[in-house]
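Quick note: residue numbers are just sequence positions, from 1.
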Amino acid sequence: MADTTGNTGKTAGNSGEVASGEGNSSPRKSSWKYIGPGIVVAATGVGAGDLVATLIAGSNFGYTLLWAAILGCLVKISLAEAAGRWHLSTGRTLFEGWASLGRWTTWFFAVYLVIWGFVYGAAAMSSSGLPLQALFPDVMDLKWWAILTGLVGLVFVWFNKYAVFEKVMTVLVGVMFVVTVYLAIRVTPNLGDAFAGLLPVLPDEKDSILNTLGLIGGVGGTITLAAYGYWVNAKGWTNTGWMKVMRLDNRVAYATTGIFVIAMLIVGAELLHASNVAIASGDKGLIQLGDILEDEYGTATSKFFLIGFFATSFTSLIGVWHGVSLMFADFVERYRARREVTGDEVASGAREKSWPFRAYLLWLTFPPMVLLFEGQPFRLIILYGVLGAAFLPFLALTLVWLLNSSRTPREWRNGPLSNLMLVLAGLLFIVLCVKQVWDQPWSEFF
């Protein structure tokens, strides 16, 4: 039977020993049958917050910033491609690359994962519980829906390996796709105005540059961009023979992201901007949209949208539960074994059953439940915001460093276009990081 999972396995050399990752590195033909990690990273990266941000951009500016949303997808294509190229060209994981740059990367990553995971866990559970509460308002309180989604995510990731995880994510992405495209068609887009929005024009208002940069930087990606290389390995792609397949997969990922984002911007422009209706930022903005859709198009459309909202939030939850736990397991293995770790180890599936993987799963699930009852500690939220803002510049600039050095085989190092996109991404995220740090209420922190 033909291998359609992408798992290359390992082959024996002349000496009878197993050659890790070297068995079959001849180029594979790009084929749709291999697509998978890209769907996972698209589903995980586009959360409820991204949809709300795009919806609000459409509400405030109509189609003016359509070009910025598309540019954001192109930026993320470059970052994810670079992460995947590192894994395939070197046979090493991204954390192994970071570790080669110095101990400072380890300290940053460790602190980031602990604080980010604690706060994100509560946010992801709450976001997934919100549409369920709206669909079943008389069943139980939001915090119990949130806890239920967290537990379901924990059990699902704990007992399943990557192949099943990918299939479920693909189904949920299909739901997201159908819902968002249906809504975009339902509100009857003005195609002339939409095409005009492809011209790079800034809104005529205060802070328009920073708002535009925020939209570009916020489309579909956080730490999940770094997780992409791990999902590539988990799929069984461990050497340069899969490079063309990975690049096709990555383009599919952000084409899918682009469709989600454009669809929601159309909804914001047609349904909210034309009527001068404002919605709240954050997940509650999507609940407001559900109410508006019910008034305009009936209960069935509203319920359909809430199902899509749940699919969007829950894919982000289980995607982080799996992908970031995989990164944490790699981090622990690197410093526990004191040796180089490889993509073949991720491909074997052993990491998904390891105690560090499961320990981080528990960290994402149970400690954050305290925040659902007690509220989010002020100082911790500030640190979460600062570390989160710092991660994407860290990712972009370390990829520039790794992929232009002797750590990467010469033929797979960055070309001029890759360097340009990664440097621009790094500068963009530095600006957004500085703005995030500047906007924090530091006087109250101290």
Side-chain angles (χ1 to χ4, degrees), residues 40-53 108-131 142-143 145-154 156-158 165 169 217-228 230-231 281-284 286 309-310 312-331 356-392 394-395 429 432-433 436 440:
V40 171
V41 77
T44 307
V46 179
D50 296 288
L51 296 187
V52 173
F108 173 80
F109 187 72
V111 173
Y112 174 78
L113 275 193
V114 171
I115 295 176
W116 182 87
F118 182 58
V119 180
Y120 180 83
M125 287 187 279
S126 181
S127 179
S128 297
L130 203 57
L142 172 60
K143 59 179 173 289
W145 279 118
I147 288 170
L148 178 62
T149 61
L151 293 175
V152 170
L154 170 69
F156 171 71
V157 175
W158 188 289
F165 165 72
M169 291 288 273
V219 176
T222 51
I223 193 172
T224 54
L225 288 164
Y228 178 63
Y230 288 85
W231 284 322
S281 60
D283 300 339
K284 287 185 171 56
L286 293 182
F309 176 9
F310 171 73
T312 300
S313 297
F314 194 64
T315 51
S316 292
L317 186 152
I318 61 174
V320 166
W321 263 229
H322 185 277
V324 183
S325 297
L326 206 54
M327 294 181 71
F328 181 76
D330 188 51
F331 162 73
F357 181 90
R358 289 177 166 173
Y360 196 74
L361 266 180
L362 296 173
W363 175 253
L364 283 167
T365 306
F366 290 107
M369 289 180 184
V370 175
L371 302 184
L372 298 174
F373 290 91
E374 301 295 332
Q376 298 182 345
F378 178 71
R379 288 183 175 85
L380 189 63
I381 295 304
I382 290 179
L383 292 175
Y384 168 79
V386 170
L387 287 170
F391 182 79
L392 284 177
F394 167 80
L395 175 63
F429 295 130
L432 294 176
C433 178
Q436 179 80 358
Q440 298 297 330

Distance check, rounded to the nearest 0.5 Å: [X] atom [atom1] versus [Y] atom [atom2]?
X: T312; Y: L51; atom1: OG1; atom2: CG; result: 5.0 Å
X: I147; Y: L142; atom1: CD1; atom2: CG; result: 10.0 Å
X: D330; Y: S325; atom1: CG; atom2: OG; result: 12.5 Å
X: I382; Y: I115; atom1: CD1; atom2: CD1; result: 12.0 Å
X: I223; Y: L392; atom1: CD1; atom2: CG; result: 9.5 Å
X: F357; Y: F328; atom1: CZ; atom2: CZ; result: 12.0 Å

Quick one: side chain to side chain contact (heavy atoms under 4.5 Å, CB included) partners of [X], sequence neighbours excluded?
X: A226; value: L94, W98, M327, F391, L395
X: T315; value: A43, M169, L172, M176
X: V114; value: W363

Q. Could you walk me through whether Y120 and V324 pass the side chain to side chain contact (heavy atoms under 4.5 Å, CB included) check?
A. CA-CA 11 Å; Y120 180 83; V324 183; over 6 Å; no
Q.
Quick one, S316 with V46, criterion side chain to side chain contact (heavy atoms under 4.5 Å, CB included). Give me CA distance, side-chain angles, the key distance, then yes/no.
A. CA-CA 7 Å; S316 292; V46 179; over 6 Å; no
Q) When the ring planes of F314 and F310 are compared, do they come out parallel, tilted or perpendicular, using 30° and 60° as the limits? A) parallel
Q. Which word best sums up how the rings of H322 and W231 line up, parallel for under 30°, tilted for 30 to 60°, or perpendicular for over 60°?
A. parallel
Can you see which heavy atom on [X] is nearest to which on [Y], and at what distance?
X: P356; Y: A329; answer: CB-CA, 3.8 Å
X: I318; Y: F156; answer: CD1-CE2, 4.0 Å
X: T224; Y: V320; answer: CG2-CG2, 4.2 Å

Which atom pairs, one a donor and one an acceptor, fall under 3.5 Å between side chains of residues 364-372 and the rest of the protein, sequence neighbours left out?
from	atom 1	to	atom 2	distance (Å)
T365	OG1	W321	NE1	3.0
T365	OG1	L361	O	2.8

**Q.** For Y228, ring pair (Phe, Tyr, Trp, His ring centres under 6.0 Å) partners two or more places apart
**A.** none
(Q) Checking F309 now: which residues fulfil ring pair (Phe, Tyr, Trp, His ring centres under 6.0 Å) with it, not counting sequence neighbours? (A) none
(Q) Tell me if a side-chain donor or acceptor on Y360 pairs with a main-chain N or O of L113 at a distance below 3.5 Å. (A) yes
Q) Can you name the side-chain hydrogen bond (donor to acceptor under 3.5 Å, both in side chains) partners of S127, sequence neighbours left out? A) D283, S313
Q) Can you check whether W116 reaches Y384 side chain to side chain, under 4.5 Å on heavy atoms? A) yes
Q.
Is there a side chain to side chain contact (heavy atoms under 4.5 Å, CB included) between M125 and L317? Walk through the geometry before answering.
A. CA-CA 7 Å; M125 287 187 279; L317 186 152; 4.0 Å; yes
Q.
Let's go through L387 and F394 carefully: what are the C-alpha distance in whole Å and the side-chain angles of both, what is the deciding distance for side chain to side chain contact (heavy atoms under 4.5 Å, CB included) to 0.1 Å, and is it a yes or a no?
A. CA-CA 10 Å; L387 287 170; F394 167 80; over 6 Å; no
